[in-house]
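So that the names make sense, note that chain A is the first sequence line, chain B the second, and so on, each numbered from 1.
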2 protein chains.
Amino acid sequence: MPEAPLPKSIATVCLSGSLPDKLEAAANAGFQGVEIFEQDLLTHDGPPEGIRAMAADLGIGITIFQPFRDFEAMPEPQRRRNMDRAERKFDVMQALGTDLVLVCSNVQPSAMDDTARAAADLREMAERAAARGLRVGYEALSWGRHVNRWRQAWDIVRQADHPALGLILDSFHTLALGDTLDGLAGMVPGEKIAFVQLADGPRLSMDVLSWSRHYRNFPGQGELDLAGFTREVLAAGYRGPLSLEVFNDEFRAAPARRIARDGHRSLIWLDSVLAGPSIPAAPLPPAPVLDGVEFLEFAVDEARGRDLSDFLATLGFRKAGQHRSKAVELWRQGGVNLVLNAEPDSAAAGHFELHGASVCATALRVDDATRALARAEALLCSSWRERLGEGERPIPAVRAPDGTLIYLVERGDQGRSIWESDFHLLPGAAEAPAALERVDHVAHALTGGQMDGFVLFHRSVFGLEPNPPMDLPDPQGLVRSRAMADPAGRVRMPLNVSEGRQTATGRFVSAMAGAGVHHIAFSTPDIASFVAGRAAPMLTIPDNYYEDLAARFGLEDAALAELERGHLLYDRDSGGGEFLHAFTLSFEDRFFFEVVERRGGYAEYGAANAGVRMAAQARSRPWSPAR
Amino acid sequence: MPEAPLPKSIATVCLSGSLPDKLEAAANAGFQGVEIFEQDLLTHDGPPEGIRAMAADLGIGITIFQPFRDFEAMPEPQRRRNMDRAERKFDVMQALGTDLVLVCSNVQPSAMDDTARAAADLREMAERAAARGLRVGYEALSWGRHVNRWRQAWDIVRQADHPALGLILDSFHTLALGDTLDGLAGMVPGEKIAFVQLADGPRLSMDVLSWSRHYRNFPGQGELDLAGFTREVLAAGYRGPLSLEVFNDEFRAAPARRIARDGHRSLIWLDSVLAGPSIPAAPLPPAPVLDGVEFLEFAVDEARGRDLSDFLATLGFRKAGQHRSKAVELWRQGGVNLVLNAEPDSAAAGHFELHGASVCATALRVDDATRALARAEALLCSSWRERLGEGERPIPAVRAPDGTLIYLVERGDQGRSIWESDFHLLPGAAEAPAALERVDHVAHALTGGQMDGFVLFHRSVFGLEPNPPMDLPDPQGLVRSRAMADPAGRVRMPLNVSEGRQTATGRFVSAMAGAGVHHIAFSTPDIASFVAGRAAPMLTIPDNYYEDLAARFGLEDAALAELERGHLLYDRDSGGGEFLHAFTLSFEDRFFFEVVERRGGYAEYGAANAGVRMAAQARSRPWSPAR
């Protein structure tokens with residue numbers, strides 16, 4: 001096992017822009033190397049020597065030149081022509097200053113199913129490469145005509161038996177076919193593994209070529225077992241670069257620097273997942289143990305602050321504190337703390353100016369804030385500290401991909417709580433009877449192309465694990481949803497993205513000019529009493545929903561009547577766990593609240609009801625203050 | 001065979017918005033019926049009786065209530081519960097005033113693989129339905145647990161043998177599995193076919209459930225054999241509605257009225273495709289025989305008109321005419337006519353104000369303009385006539401989905417040409433030597449979600465046939481492309497759509513605030529001479545491209561040098577046909593021109609070079625006038 005993490009590399013095809021843009025972004029994100037994807041060189045207006053010089057100036061190596069297609073086991077005269085083509089590409093490689101070329105298995109209908117011939121061809125190519133001090137790596141493309149498994153590719157490399165020829169392994173081509181690297185270590189000597197390419201992907205049932213060309217993503221963003229794959233590679237003794245090769249429509253359309261940073265983050269995270277007794281190198285502090293949401297902070301101005309206070313009061317929140325030096329109020333119920341920040345010239349004021357009234361910060365309770373911050377910084381996140389008033393306590397914070405802050409609050413700090421330090425706490429508020437107990441989940445609406453980045457951020461920095469993606473039907477289009485939660489279920493975070501602009505999610509993102517918190521759910525032990533006992537502005541649910549509910553679940557008449565009376569939505573999981581939930585009207589068509597009651601270990605979010613909720617929202621108007 | 005087209009129906013799930021929105025859009029588009037998709041009713045806030053009344057007011061029938069899922073062959077107690085559930089849904093159907101319910105084959109893991117039991121269950125359901133004057137239709141879902149083929153579903157319906165039970169056929173579920181309706185006519189009596197649902201789709205290799213839920217489209221928009229399917233249904237004696245049932249992410253996010261009109265257009269088109277000796281009813285005039293592009297008209301103001309004239313002059317165009325009464329010029333070369341319209345208070349001026357300098361009209365030469373117009377109008381297109389000056393000839397026009405006009409010009413009109421009627425033609429222009437011969441193709445950039453609508457419009461109205469979709473790599477993201485052409489290849493029209501906003505296609509659509517003509521290609525018999533003989537502002541192509549070209553095609557050195565000198569791109573098809581092409585700089589980053597030479601029957605567009613072209617465009621600046 002290696003003593004230190006392997007060098008990190010990224011293929012230029014992962015990133016958008018010109019070839020110089022891509023090199024710059026990769027270097028900026030801290031990669032040690034880049035794969036030069038041939039198409040990026042062809043479209044570049046300048047000699048390969050210039051790319052070599054640029055990479056050297058940026059301090060980044062060129063790990064490989066790829067791909068060289070449809071080479072092996074062709075009949076004459078293509079065979080001879082392919083050797084000439086190889087010589088021309090060797091010229092390019094020497095100009096680029098890279099010594100390795102990737103040959104991917106032949107997809108041509110005219111390719112022969114002849115292992116010996118393939119081995120002979122690769123041997124000759126390797127011999128020619130060696131004459132120039134170059135090397136060849138052979139990879140099984142998962143849609144190769146005759147060779148699509150790494151074991152077949154290895155069989156050919158072994159037969160060819162040339163020191164300048166090695167095997168290239170690609171996680172996507174292996175895992176997408178349901179294959180593994182089982183047996184690699186005993187079979188392939190580490191020095192015969194010429195290169196390793198990593199890509200994750202969502203589990204999709206489509207032809208592997210389309211899947212590969214459009215939907216790959218970075219380790220940790222998808223659903224494939226990248227850790228298992230990489231462990232096998234290390235066990236076999238491979239010590240070369242781990243290189244990302246991802247074809248993704250969204251990544252190609254996104255800023256190269258952001259995607260490059262996500263890519264590097266994914267490999268740092270992968271290092272930490274691999275760490276264990278047998279792999280000592282683990283430079284990353286462990287993920288924090290989360291203990292729920294300590295508070296959510298809303299950026300408001302004075303008028304919006306007044307309105308939001310009124311709205312919160314209808315839900316039973318009470319003002320519990322006034323900041324000692326700023327125009328900041330604390331509203332509280334049970335374990336839920338909501339901060340309304342109308343302080344001019346603050347980070348919140350900047351957020352308000354950009355996005356309007358909305359959540360500008362989330363505070364998570366963590367076991368060790370210093371360690372959590374160190375982890376975030378090691379994962380290339382930017383941290384942040386607010387300017388402090390006299391006697392105020394600093395709370396470290398990390399900037400989330402949407403630009404909002406995530407404060408790291410240690411529970412059970414010795415001495416005073418963060419509230420006592422910074423706030424005049426109002427007497428009596430703590431004793432008020434609390435119907436809402438805690439923040440159950442915080443749902444985010446994202447703009448197109450942000451899902452993978454958010455998933456990776458929360459997975460790597462906070463250890464939240466993503467559920468499989470699902471689709472929710474808004475009357476104006478589909479909303480793609482992926483929920484994340486920590487293992488103990490203390491912090492839950494559904495992420496939603498809408499391709500259409502007219503869905504509730506799409507409208508929010510337009511109004512916000514970006515991603516943000518779209519709704520906040522509070523848990524209660526008794527939702528029926530909660531809604532009965534309050535004049536909260538709740539979303540009304542049509543009778544037709546309850547008609548169907550009766551038919552679907554065979555509920556007792558009394559239970560059904562209670563649901564209908566309270567405009568409660570209902571779901572039941574396969575284990576008999578139940579979920580009752582209700583939604584408020586929206587605040588300025590920007591965000592809304594949900595009240596949930598979980599019974600019997602129900603761990604989901606009532607997705608079956610999302611269509612009814614979204615249609616009701618499309619019909620309803622935002623809450624308006626009584627004043 | 002029927003004497004008249006079957007009634008046309010559409011499922012509410014095809015359309016966006018609330019249930020009333022959907023009914024209104026379907027009625028507005030001229031449908032006779034709608035399928036009520038249950039989820040649309042559940043989310044509707046109002047009793048089913050209200051929907052019945054609304055449909056009646058709109059003059060539209062409710063053809064079916066659907067779907068009723070997971071019913072047949074369940075063990076107890078689910079079996080008994082399912083019968084209760086059916087009774088509840090019968091209540092809803094009676095309130096809605098529809099007599100038919102769709103039962104789709106069971107997908108539950110607990111469903112039994114027991115045809116006799118399935119038949120007995122459906123028989124009991126049909127008996128209960130009949131007691132209320134209702135009927136049941138049974139459909140094989142292509143991902144059904146035990147029943148996924150129509151022959152299996154028919155076997156069950158036949159065994160059940162109840163007059164209130166029939167078979168439902170769905171084109172997607174049949175064709176997506178590679179199945180056909182072969183043998184239907186001999187096997188299933190027409191009166192036992194309770195309902196027919198139609199959906200097309202692109203050929204995708206993915207699991208049929210995902211394909212079905214996201215990518216279905218209307219007949220003529222996809223690649224499945226809808227005509228063959230429907231012919232079999234008619235041959236079996238079915239005389240009920242043809243009903244569209246399409247789940248499509250883009251349709252769900254688009255305005256319901258537009259999608260409903262496209263849906264109705266697709267069924268009218270399908271009627272005409274079915275027409276033949278054995279099917280007499282063919283209300284649609286035949287598609288026009290096309291003979292190329294007569295002219296393209298640019299909306300400009302005075303300054304842009306001057307600049308564009310200068311640009312055209314660099315390509316060898318000469319001013320050939322001045323409109324008799326308007327600020328409109330004709331520029332000409334060979335068979336290419338370009339009209340520059342700067343007339344204030346015209347349709348072109350309106351277009352210019354909305355979109356800036358760009359193509360506002362295309363004129364196609366047709367064999368019979370009156371018939372072509374009648375066809376377009378029968379296909380729900382709006383037609384248009386410009387106000388005329390003294391002695392000017394009217395040219396009928398159809399409005400394309402992007403709002404531009406398509407003029408219909410009859411070739412070989414007796415008497416004067418359209419140019420002689422309206423223009424003072426300049427002497428000598430006709431005799432100028434012409435290097436460019438005709439318009440080869442006109443490429444459009446579309447906004448997201450417009451592809452299917454454009455394909456259907458041009459296919460149904462003008463008989464252009466679409467190629468399979470393909471992806472083109474812009475440095476800032478993928479561009480999805482689908483080319484259309486008439487059978488003789490006289491009118492060619494690639495359609496491009498970019499999900500990303502930063503690609504050349506995406507930037508154009510942003511600048512235009514909508515879809516439009518992105519580039520126009522002119523054909524020449526000798527492109528090398530063309531570019532050598534002119535100072536046209538051509539896009540420069542990097543040396544690396546030619547390095548690779550040599551390796552790929554094994555071109556002679558002289559041929560390669562000629563390509564490189566002229567910044568010509570090169571492609572070769574499998575039959576040895578060759579394509580040489582070159583691009584101009586853009587005009588205001590809005591549109592550009594291409595010059596093409598086709599050799600040996602090459603019929604494509606050089607897609608292999610699109611990446612190089614797009615990267616060169618991303619580097620280049622728009623043409624600027626010498627003045």
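Neither the backbone nor the side chain of A/A256 has a heavy atom closer than 4.5 Å to any heavy atom of chain B. Of the atoms belonging to A/R69, not a single heavy atom falls under 4.5 Å from chain B. Within the 4.5 angstrom heavy-atom criterion, only side-chain atoms of A/R501, from C-beta onward, approach chain B. With a 4.5 angstrom heavy-atom cutoff, A/E87 does not touch chain B via any of its atoms. Only the side chain of B/E38 comes within contact range of chain A, judged by heavy atoms closer than 4.5 Å. For chain B, the nearby part of A/Q39 is the side chain; its heavy atoms alone come within less than 4.5 Å.
A salt bridge links A/R480 to B/D249: one of the charged nitrogens lies within less than 4.0 Å of a carboxylate oxygen. The pair A/K89-B/D548 meets the salt-bridge criterion, since a charged nitrogen lies less than 4.0 angstrom from a carboxylate oxygen.
The shortest side-chain heavy-atom distance between B/D543 and A/P47 does not fall under the 4.5 Å cut-off. Between B/Q502 and A/P255, the closest side-chain pair of non-hydrogen atoms is not below 4.5 Å. Using a 4.5 Å cut-off on side-chain heavy atoms (C-beta onward), A/H214 and B/D471 make contact.
Rounded to the nearest 0.5 Å, atoms CG (A/L478) and CZ (B/R213) are 10.5 Å apart. Atom-to-atom distance recorded for A/F553:CZ and B/R85:CZ is 11.0 Å, nearest 0.5 angstrom.
Summarising the local packing, CZ of A/R80 is surrounded by more than 12 heavy atoms from other residues, nucleotides or ligands at distances under 6.0 Å. Other residues, nucleotides and ligands contribute over 12 non-hydrogen atoms within 6.0 Å of the CD atom of A/E76.
Across all their heavy atoms, A/T43 and B/V612 have their closest contact at CG2-CA, 3.6 Å. Shown here for A/H44 and B/R619, the closest heavy-atom pair between the two residues is CA-NH1, 3.9 Å.
Contact tally against chain B (heavy-atom pairs below 4.5 Å) for A/G17, A/A615, A/G500, A/A618: the top residue is A/G17. Note on B/L42, B/N248, B/V92: by heavy-atom pairs under 4.5 Å with chain A, the leading option is B/L42. Per-residue counts of heavy-atom pairs under 4.5 Å with chain A were compared for B/G554, B/A254, B/P542, B/A616; the largest is that of B/P542. For chain A, the option among B/L549, B/T540, B/L41, B/I541 with the highest count of heavy-atom pairs below 4.5 Å is B/L41. Ranked by non-hydrogen atom pairs under 4.5 Å with chain A, the options B/G506, B/P48, B/A253 are led by B/A253.
Screening residues 39-50 of chain B for salt bridge (charged side-chain N to carboxylate O under 4.0 Å, His left out), with sequence neighbours left out, gives B/K22-B/D40.
Remark: B/D21 engages B/S18 in a side-chain contact (heavy atoms from CB on, under 4.5 Å) (not counting sequence neighbours).
Listed for the B/N544 side chain is a donor-acceptor partner under 3.5 Å among the backbone atoms of A/G46.
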